[in-house]
**Q** 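Pasting a structure below so you can have a look.
Predicted model only: the values in this text are computed from it and were never measured. Counting starts at 1 for both ligands and their atoms, in listed order.
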Amino acid sequence: MSSAESIFLKHVAQTSPFPLKIEVSKAVGSYIYDKEGKDYLDFISGIAVTNIGHRHPYVVNAIKSQLDDYMHVMAYGEFIQTPQNRLAEKLASVLPPTLSTSYFVNSGTEANEGALKLAKRITGRTGIVSCKKSYHGSTHGSLSVSGNEVKKYAFRPLLPDVHFIEFNNTEDLKLITDETACVIIEPIQGDAGVRIPSQNYLQALRDRCTKKGALLIFDEVQTGFGRTGKLFAFEHFNVVPDILTVAKAMGGGMPVGAFISSQENMSLLTHGPMLGHITTFGGHPVNCAAALANLEVILDENLVDGVEEKGQLIEELISHPAIKEIRRKGLMFAIEFDSPERVQNIVETCISEGVITFWFLSCPESFRLAPPINISESDLRKGCEIIRKAIAQHAWIQQERSSQK
Ligand code: PLP
């Protein structure tokens, strides 16, 4: 074991008994390089984060330039900071008019915490409706509204008055009542294994929320910033939430998130109580400068336009009879097989052959693909070739074993 590995295992807190332990030396564009000089094509973008690739030069320059001006100067909400202003204004320009005001935080889970509190403050209600198999984050509030029981049982009691409905089931919408403060939902479920709802469902959900006076929160932490072939996934469905949460790909590799709503809604956090939601680091100027640059790259280079075509090409290139199902929107993929073991083997082979793919939290029979949306066609073809070979290798092993029985 290298000394780096033993320090990592001993002094850096672990989240599982099986970390990948790739020792990173550098990352550029669609590639991550390890200390031995091996290169890996990043086909998951650090879990839907580096949508415009690693260390995009425009983002790196924006960070450097902001570093020369100032870093942290004051807790969120007191001083006027140009990077926050410019980012908030830019976000407002690409979102519907009712999503005009951003509250900046540091992560996806914090964005959801803020959104849940805001919904309670606006409605004066406590009930929260969420979906089975959803994932909204790992802090207490977000965990409470996440639908995977396996991740929750050890941490109870969690938030009370949370009710779970089945995703994409219109019958269940009757559980949204006059006591519901909000419904929090991923417009396309990510960690459930890329579940895409029907157009009808999200519209019926919107109508039910409006009828009952419940707020609709769309968690676009994973789907945002071009991943699904629109800047935000809700654009596919023409259904606008009352509160939108974003993070992950927002910062071009830097940690920043936001919950976004109307100015009228957001103003309620200034009184009753005053300082209704506070953060020291939220809206950090360097992260906001990176996020603005990231958004400008996506918009100026029309990156969203190429997403669907790239998604289709991947689907064609990895096609194999052992695949049970591909669920995909844009460049957000779940590739499903007949068993978690086969998925495990394929993912491990891909990684050892130099393509990073990964598992889902709540869908062991699928693996995920989410390459950078600006990946070159040649890298895309190269990665798909490795994935297809890994699939073929493990499909063959399985067949061999069953024919020997
Ligand atoms: N919401 C969704 C839909 C996510 O996919 C995630 C992370 O995977 C989160 C929230 C939590 O984000 P973070 O890990 O930045 O707290």
Side-chain angles (χ1 to χ4, degrees), residues 13 15-16 44-51 103-119 128 130-148 150-152 155 158-159 162 164 167-168 182-197 202 216-228 232-234 236 241 243-260 279 281-284 287 290-291 294 327 329-334 356-363 366-370:
T15 57
S16 86
I44 51 165
S45 305
I47 314 283
V49 169
T50 52
N51 281 10
Y103 190 117
F104 295 120
V105 293
N106 309 286
S107 65
T109 198
E110 277 179 78
N112 288 331
E113 296 285 347
L116 295 172
K117 282 176 67 184
L118 180 62
I128 299 172
S130 180
C131 287
K132 294 173 186 166
K133 297 192 178 163
S134 59
Y135 182 67
H136 297 291
S138 209
T139 54
H140 266 85
S142 301
L143 185 63
S144 303
V145 299
S146 292
N148 183 343
V150 175
K151 299 286 184 287
K152 295 202 289 189
F155 306 107
L158 293 169
L159 268 187
V162 178
F164 287 93
F167 185 75
N168 204 26
C182 61
V183 177
I184 181 164
I185 186 167
E186 300 154 85
I188 294 172
Q189 281 191 323
D191 272 293
V194 184
R195 308 288 166 176
I196 302 158
L202 286 187
L216 180 57
I217 302 172
F218 276 171
D219 174 345
E220 292 236 27
V221 168
Q222 193 166 149
T223 50
F225 299 96
R227 172 58 49 206
T228 69
F232 297 101
F234 73 78
H236 289 290
I243 307 173
L244 175 71
T245 64
V246 286
K248 281 192 181 281
M250 179 177 181
M254 296 293 274
V256 56
F259 57 104
I260 306 173
T279 164
F281 284 125
H284 191 284
N287 299 342
N294 175 66
R327 292 181 297 277
K329 199 78 177 164
L331 281 167
M332 183 175 181
F333 276 82
I356 300 184
T357 66
F358 209 63
W359 300 268
F360 290 104
L361 286 174
S362 303
C363 186
S366 300
F367 70 85
R368 71 168 86 222
L369 295 181

**Q** Does ligand 1 have any N/O pairs with the protein under 3.5 Å, and how far apart?
**A**
unit_1, atom_1, unit_2, atom_2, d
ligand 1, 1 (N), Tyr135, O, 3.4
ligand 1, 1 (N), Asp219, OD1, 3.2
ligand 1, 1 (N), Asp219, OD2, 2.7
ligand 1, 5 (O), Gln222, NE2, 2.7
ligand 1, 8 (O), Lys248, NZ, 3.3
ligand 1, 15 (O), Gly108, N, 2.8
ligand 1, 16 (O), Thr109, N, 2.8

**Q** Could you tell me whether the side chain of Gln189 and the main chain of Arg195 form a donor-acceptor pair under 3.5 Å?
**A** no
**Q** When you measure from the side chain of Asn287 to the backbone N and O of Pro255, does any donor-acceptor pair fall under 3.5 Å?
**A** yes
**Q** Any sub-3.5 Å donor-acceptor pair from Asp191's side-chain atoms to Ser362's backbone N or O?
**A** no
**Q** To the nearest 0.5 angstrom, please state how far the CG atom of Leu331 sits from the OG atom of Ser45.
**A** 8.5 Å
**Q** Over 60° means perpendicular and under 30° means parallel, so classify the ring planes of Phe225 and Phe232, tilted if in between.
**A** perpendicular
**Q** For Ser142 and Ser138, indicate whether the former's side chain and the latter's backbone hold a donor-acceptor pair under 3.5 Å.
**A** no
